[in-house]
Amino acid sequence: MKRSLIVLMVLLTGLSGFSQKFEGLAPTPPMGWNSWNKFACDVNEKMLMEVADAMVANGMRDAGYEYIVVDDCWHGERDSLGFIQASPEHFPNGIKALTDYIHSKGLKFGIYSCAGNTTCAGKPASRGHQYQDALQYAKWGVDYLKYDWCDTEGLNAEAAYTTMRDALYAAGRPIVFSLCEWGDNDPWKWGANVGHLWRTTGDIYDCFDCEVNHGTWSSWGVMKILDMQDGLRQYAGPDHWNDPDMMEVGNGGMTQNEDRAHFSMWCMIAAPLIAGNDVRDMSKETLEILTNQDAIAVNQDKLGIQGFKFAEKDSLETWFKPLEDGDWAVCFLNRSSKVANVDFDWNTKVYDELSKRDLNAGETVYSLFNVWTKKNEGTTKKAINAKIPSHDVLMLRISSM
Ligand code: GLA
């Protein structure tokens, strides 16, 4: 009886043209680079090839940054059969040549489209052309698709993103599917079946804690975006991540301390680490932030548990993230404009409902490793006492001894 039921289900699945997302493409949060935050519509093949060269030469690739994603405005017109083409002016050799080049550097290539008729910058988007576009991306060797939500009046978000998911699956090439729907229709509730990551908010802005009002929509500083992640951590995990948007590290709107705090928090909340600065021309300090292996290890931890805010007092926040092998990441974030004093007693009860993990530092002794200074800060036998500059962090990895 049981067996015949299984056979029947398999048959029915086959008949219904079973479709799904490509599983297993993002076991840890995707890492890469995207053109939008720095270059907006000013994209071309030469710049993207130089970005690939730079990411190899400066160690970003080896630190884990894998995808080079061209955002809006790479598009030209559709051909007479409706197949999308790159702008011949900015991509004279076409996308396939660019993808081949990026692959030859040991990197992967991502592209951008939108569920509506036009992209957010008014270029041809995928509505009515989903299967054709997916086929074209597959033929070009694309590895990642960011799919936006402009000009989508009358569309149901889950259905529209599922159509593109199915189109990608039908085209046969495994492609990471990044849903860029800004959190408008609670993508965390349905996104895990559809894609590998979903934007949770409107666009990021290169400032620590501002809101920039554009009339009908706003863009947000990194602290504002961080606050909007509240209540979402249970939806994230391997292959399905909350995406608080691409990073602004190195784009000049924030101080070095703020960039470090931004990067640290994106690591703590298991955010996709998509750099958004000009990696061909950045300071040593910016590169050090982006390639801090210990911070990246917190982000890329195999358990894939999004960190949580444990406490908040006088603009000082204490965050925890359970890690593999019984380790934890701990991050004290100073949001105030003054130096903050941290004084944390490790006997404090820290229990994570989601992972059912108990820090239990009253009994288990942990060693404290400072992720940014690389110094050992003693053990949990003694309360930690430290000063944190304004808009900066003290980030530790703690391991039981
Ligand atoms: C939207 C997205 C951005 C970017 C632009 C491109 O605003 O949220 O990340 O892709 O469109 O036009």
Side-chain angles (χ1 to χ4, degrees), residues 21-39 43-45 47-74 86 91 95-114 133-134 136-138 140-148 164-165 168 171 173-180 191 195-199 204 238-250 263 266-267 270-280 282 287 290-291 296 299-300 304:
K21 75 176 189 185
F22 286 102
E23 302 283 351
L25 298 185
T28 58
M31 291 178 67
W33 177 89
N34 174 299
S35 55
W36 184 254
N37 285 355
K38 173 71 187 175
F39 297 94
V43 289
N44 62 72
E45 64 181 32
M47 181 270 280
L48 288 156
M49 288 161 84
E50 287 170 4
V51 163
D53 294 342
M55 284 171 64
V56 174
N58 68 19
M60 282 181 76
R61 179 194 63 185
D62 293 343
Y65 293 86
E66 193 177 10
Y67 297 96
I68 293 187
V69 183
V70 65
D71 207 283
D72 211 343
C73 302
W74 60 268
F91 295 83
I95 298 292
K96 180 73 170 71
L98 176 61
T99 310
D100 287 346
Y101 184 81
I102 287 172
H103 286 163
S104 78
K105 299 283 163 181
L107 292 158
K108 292 181 173 168
F109 180 66
I111 209 159
Y112 162 99
S113 190
C114 176
D133 285 356
Q136 185 75 313
Y137 305 151
W140 282 340
V142 168
D143 306 293
Y144 183 111
L145 172 65
K146 172 176 170 182
Y147 203 55
D148 217 333
M164 196 63 202
R165 175 201 73 176
L168 292 172
R173 182 178 171 86
I175 289 182
V176 171
F177 192 26
S178 157
L179 320 185
C180 179
H196 304 91
L197 59 158
W198 51 83
R199 281 274 297 278
I204 197 167
D239 234 23
H240 52 97
W241 307 99
N242 287 316
D243 174 9
D245 207 357
M246 306 163 302
M247 296 186 287
E248 292 284 9
V249 173
F263 190 74
W266 262 228
C267 291
L273 293 181
I274 310 292
N277 61 316
D278 189 350
V279 296
R280 300 168 307 172
M282 63 179 148
L287 180 63
L290 288 173
T291 56
I296 291 173
N299 175 271
Q300 294 288 301

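Every value quoted in this text rests on a predicted model; they were computed, and no experiment measured them.
Classified by interplanar angle (parallel below 30°, tilted 30° to 60°, perpendicular above 60°), the ring pair Y137/W74 is perpendicular.
Rounded to the nearest 0.5 Å, atoms CG (D278) and CD (E50) are 9.0 Å apart. Rounding to the nearest 0.5 Å gives a distance of 11.5 Å between CG of L107 and CG of L48. Annotation: the span from C180 atom SG to L145 atom CG amounts to 10.5 Å, rounded to 0.5 Å. With values rounded to the nearest 0.5 angstrom, I274 atom CD1 is found 11.5 Å from S35 atom OG. To the nearest 0.5 Å, atom CD1 of residue I68 and atom NZ of residue K105 are 10.5 Å apart. One distance of note links CG of L179 with CZ of F177; it measures 5.5 Å at 0.5 Å rounding.
In this structure, the side chain of W33 does not engage the main chain of A52 through any donor-acceptor pair within 3.5 Å. For the pair D72 (side chain) and W36 (backbone), a donor-acceptor distance under 3.5 Å is absent. Under a 3.5 Å cut-off, the side chain of D239 and the backbone N or O of G24 do form a donor-acceptor pair. A donor-acceptor contact shorter than 3.5 Å is absent between the side chain of E66 and the backbone of R61. A donor-acceptor pair is defined here as one N or O able to donate and one able to accept, closer than 3.5 Å; no such pair exists between the side chain of N37 and the backbone of N277.
Of all heavy-atom pairs between D243 and P272, the closest is CA-CD, 3.9 Å. Across all their heavy atoms, W266 and N299 have their closest contact at O-ND2, 3.3 Å. The minimum heavy-atom distance between H196 and A26, with the atom names listed, is CB-CB, 4.0 Å. Taking both residues in full, the closest heavy atoms of T99 and G141 are given as CG2-O, 3.2 Å, listed atom of the first, atom of the second, then distance.
Remark: D100 pairs with K96 by the salt bridge (charged side-chain N to carboxylate O under 4.0 Å, His left out) rule, at least two apart or across chains. Taking D71 as the reference, K146 meet the salt bridge (charged side-chain N to carboxylate O under 4.0 Å, His left out) condition, with sequence neighbours excluded. Contacts of R165 classified as salt bridge (charged side-chain N to carboxylate O under 4.0 Å, His left out), with partners at least two apart in sequence or in another chain: none. Residues passing the side-chain contact (heavy atoms from CB on, under 4.5 Å) test with P174 are F22, L25, sequence neighbours excluded. For the side-chain contact (heavy atoms from CB on, under 4.5 Å) test, residues two or more places apart in sequence or in another chain that qualify with D143 are Y67, H103, K108, F109, R173. In this view, D148 satisfies the salt bridge (charged side-chain N to carboxylate O under 4.0 Å, His left out) rule with no residue, not counting sequence neighbours.
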Review point. Can Y144 and L197 be said to form a side chain to side chain contact (heavy atoms under 4.5 Å, CB included), step by step?
Key: CA-CA 11 Å; Y144 183 111; L197 59 158; 3.5 Å; yes
Exercise for review: Starting from the C-alpha separation in whole Å, work towards a yes-or-no answer on side chain to side chain contact (heavy atoms under 4.5 Å, CB included) for F91 and V70.
Suggested key: CA-CA 12 Å; F91 295 83; V70 65; 4.3 Å; yes
Point to revise | Chi angles and distances behind the side chain to side chain contact (heavy atoms under 4.5 Å, CB included) call for I111, I175 | key: CA-CA 10 Å; I111 209 159; I175 289 182; over 6 Å; no
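Side-chain atoms of L168 and K21, non-hydrogen and from C-beta on, never get closer than 4.5 Å to each other. Between Q300 and P29 the shortest side-chain heavy-atom distance falls below 4.5 Å. In this structure the side chain of I204 never reaches within 4.5 angstrom of the side chain of M246, judged on heavy atoms. Between Y65 and V279, the closest side-chain pair of non-hydrogen atoms is not below 4.5 Å. I95 has its side chain out of reach of Q136: every pair of non-hydrogen atoms, C-beta onward, lies at least 4.5 Å apart.
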